[in-house]
Number of protein chains: 2
Amino acid sequence: MAGSPITRTTYTVDSLLAVTVEVFNTRGYDGTSMEDLSRAAGISKSSIYHHVRGKEELLRLAVGRALDGLFAILDEPPAVQGRPVERLEHVVRRTTEVLLAELPYVTLLLRVRGNTEAEIWALERRRDFDHRVADLVRAAVAEGELRADVEPRLATRLLFGMINSIVEWYRPGAGPEAVDGIPDAVVRLAFAGLLA
Amino acid sequence: MAGSPITRTTYTVDSLLAVTVEVFNTRGYDGTSMEDLSRAAGISKSSIYHHVRGKEELLRLAVGRALDGLFAILDEPPAVQGRPVERLEHVVRRTTEVLLAELPYVTLLLRVRGNTEAEIWALERRRDFDHRVADLVRAAVAEGELRADVEPRLATRLLFGMINSIVEWYRPGAGPEAVDGIPDAVVRLAFAGLLA
DNA sequence: TGTTGAGCCGACCGATCGTTCGGTTACGCT
DNA sequence: AGCGTAACCGAACGATCGGTCGGCTCAACA
């Protein structure tokens with residue numbers, strides 16, 4: 001009932017967004033001009049305005065997609081039932097997986113600083129996500145499952161700082177097997193540390 | 001032989017740089033106009049060009065300062081002698097301390113993406129730093145002091161991703177005692193993990 | 001006290017910014 | 001075949017960009 005089964009040469013909002021996010025991530029949002037986008041998309045600058053209201057809407061759509069993926073994790077069954085430490089491990093592993101699956105969108109999300117209205121909205125949703133994870137860490141500490149000599153809020157920040165830093169260096173390419181090792185490594189280092 | 005001992009109301013390159021870096025960090029480098037800088041510094045736009053060649057030189061000076069602080073760590077005695085795992089722990093702790101001490105400059109450094117010449121130069125120096133730390137991790141693994149089931153390069157990236165993420169949330173204010181806890185927490189989580 | 005230059009200024013430059021607008025093309029539907 | 005409109009275009013808009021220029025001010029010094 002949707003798109004034609006034949007060749008598709010025209011842009012949808014989604015396919016335009018995919019091109020846009022790549023440019024945003026390499027040039028930076030402020031460093032990207034609408035002409036940069038038009039050149040990357042292969043259509044004229046003014047044609048972009050046929051699909052979206054403007055530059056900031058492209059940003060809002062992109063970070064919204066990343067946030068939707070991350071928040072969906074918190075509603076997955078293993079994230080809402082069981083021992084807190086196991087729920088936390090699930091969230092940690094799945095967050096890493098979603099970050100890798102939606103890499104360009106999450107990358108853009110993590111670079112938002114809050115200068116425009118869309119960015120402030122994204123920061124608020126991110127903070128909400130962080131708070132819900134911090135609650136999980138607190139619960140695990142209360143159960144005696146996690147060390148109590150590091151503040152839960154601080155531990156949460158460092159933990160997700162580690163996960164989020166993946167966007168700084170990971171580039172897909174080799175194959176799907178390269179991805180699989182990363183969530184495991186994250187969970188191991190996060191819970192058991194570097195020491196042998 | 002240097003500056004007059006009396007009141008100083010005029011700008012030096014350093015004091016101008018301090019103002020500049022704050023603006024760069026809140027607005028972003030591309031999002032900061034020279035008029036933004038002139039407004040924050042309280043002098044006219046053209047006066048800035050009396051102190052520096054232009055916008056990019058301000059960026060180069062700022063990230064250079066951050067890099068100098070980080071590289072100095074690798075030359076400290078505890079970083080060059082002793083068991084690899086102890087040398088690594090020293091580098092981890094000191095990197096966290098330098099990051100906190102030079103917070104605005106390191107923050108700016110970590111946001112560089114490599115679009116201008118100054119940014120490419122900064123990225124190259126960062127990569128050099130990372131490689132030297134990764135060598136340390138490899139040495140510790142070879143000695144059997146660190147777990148061997150996570151690739152040294154990956155472990156290094158995640159470890160320093162955790163440290164570097166501090167710039168995303170830490171804001172000085174409360175007092176010096178708030179800072180002291182962070183390097184300890186980083187070392188504990190990095191080497192021993194979250195588990196109780 | 002006359003001179004010098006560091007420090008600063010307003011006015012202005014060409015280029016580029018995000019956006020708008022009127023108009024053209026070509027495909028889907030009847 | 002003919003119509004409607006999604007998709008696209010070139011040209012231009014005012015605003016703002018980073019940077020330049022000639023000149024002003026005033027403290028330091030000979």
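Nearest nucleotide to the B:Tyr11 side chain, out of C:dT20, C:dC8, D:dG18: C:dC8. Of the candidate nucleotides C:dG18, D:dG18, C:dC9, D:dG18 has the atom lying nearest to any side-chain atom of B:Lys55. The side chain of B:Ser33 approaches D:dG18 more closely than any other nucleotide in the set D:dG18, C:dC17, D:dC9.
Between B:Glu56 atom CD and D:dG19 atom P the separation is 8 Å, expressed in whole Å. Across the protein-nucleic acid pair, A:Met34 atom CE and D:dC9 atom C1' stand 15 Å apart, rounded to whole Å. Across the protein-nucleic acid pair, B:Glu35 atom CD and C:dA11 atom P stand 13 Å apart, rounded to whole Å. Atom pair B:Asp30:CG and D:dT16:P shows a separation of 18 Å (rounding to whole Å applied). The nearest whole Å value for the distance from the OH atom in A:Tyr49 to the P atom in C:dC17 is 11 Å. In this structure, CD1 of A:Ile48 is placed 13 Å from P of C:dT20, rounded to the nearest angstrom. Between A:Arg39 atom CZ and C:dG18 atom C1' there is a gap of 15 Å when expressed in whole angstrom units. Between the P atom of C:dT25 and the CD1 atom of A:Ile43 lies a distance of 18 Å, rounded to the nearest Å.
A sub-4.0 Å separation between OP1 or OP2 of D:dA7 and a side-chain N or O of A:His50 is present. For C:dC8, one of the phosphate oxygens OP1 or OP2 lies less than 4.0 angstrom from a side-chain nitrogen or oxygen of B:His51. For B:Ser47 and C:dC9, the shortest distance from a side-chain N or O to OP1 or OP2 is below 4.0 Å.
Looking at A:Lys45, its side chain has no donor and acceptor atom pair within 3.5 Å of the base of D:dG10. A donor and an acceptor atom sit less than 3.5 Å apart, one in the side chain of B:Ser46 and one in the base of C:dG10.
Relative to the six-membered ring of A:Tyr49, A:Lys55 misses at least one condition, a distance below 6.0 Å or an angle of at most 45° to the axis.
Nucleotides of DNA chain C nearest to A:Gly31 and A:Arg53 differ in position, and the one nearer the 5' end is that of A:Gly31.
In this structure, the side chains of B:His51 and B:Glu57 stay at 4.5 Å or more apart for every pair of heavy atoms. The side-chain heavy atoms of A:Gln81 and A:Pro77, taken from C-beta on, include a pair separated by under 4.5 Å. At least one side-chain heavy atom of A:Glu145 sits less than 4.5 Å from a side-chain heavy atom of A:Pro84. The closest side-chain heavy-atom distance from A:Asn164 to A:Arg126 is below 4.5 Å.
Using a 4.0 Å heavy-atom criterion, one finds that A:Thr32 contacts the sugar-phosphate atoms exclusively.
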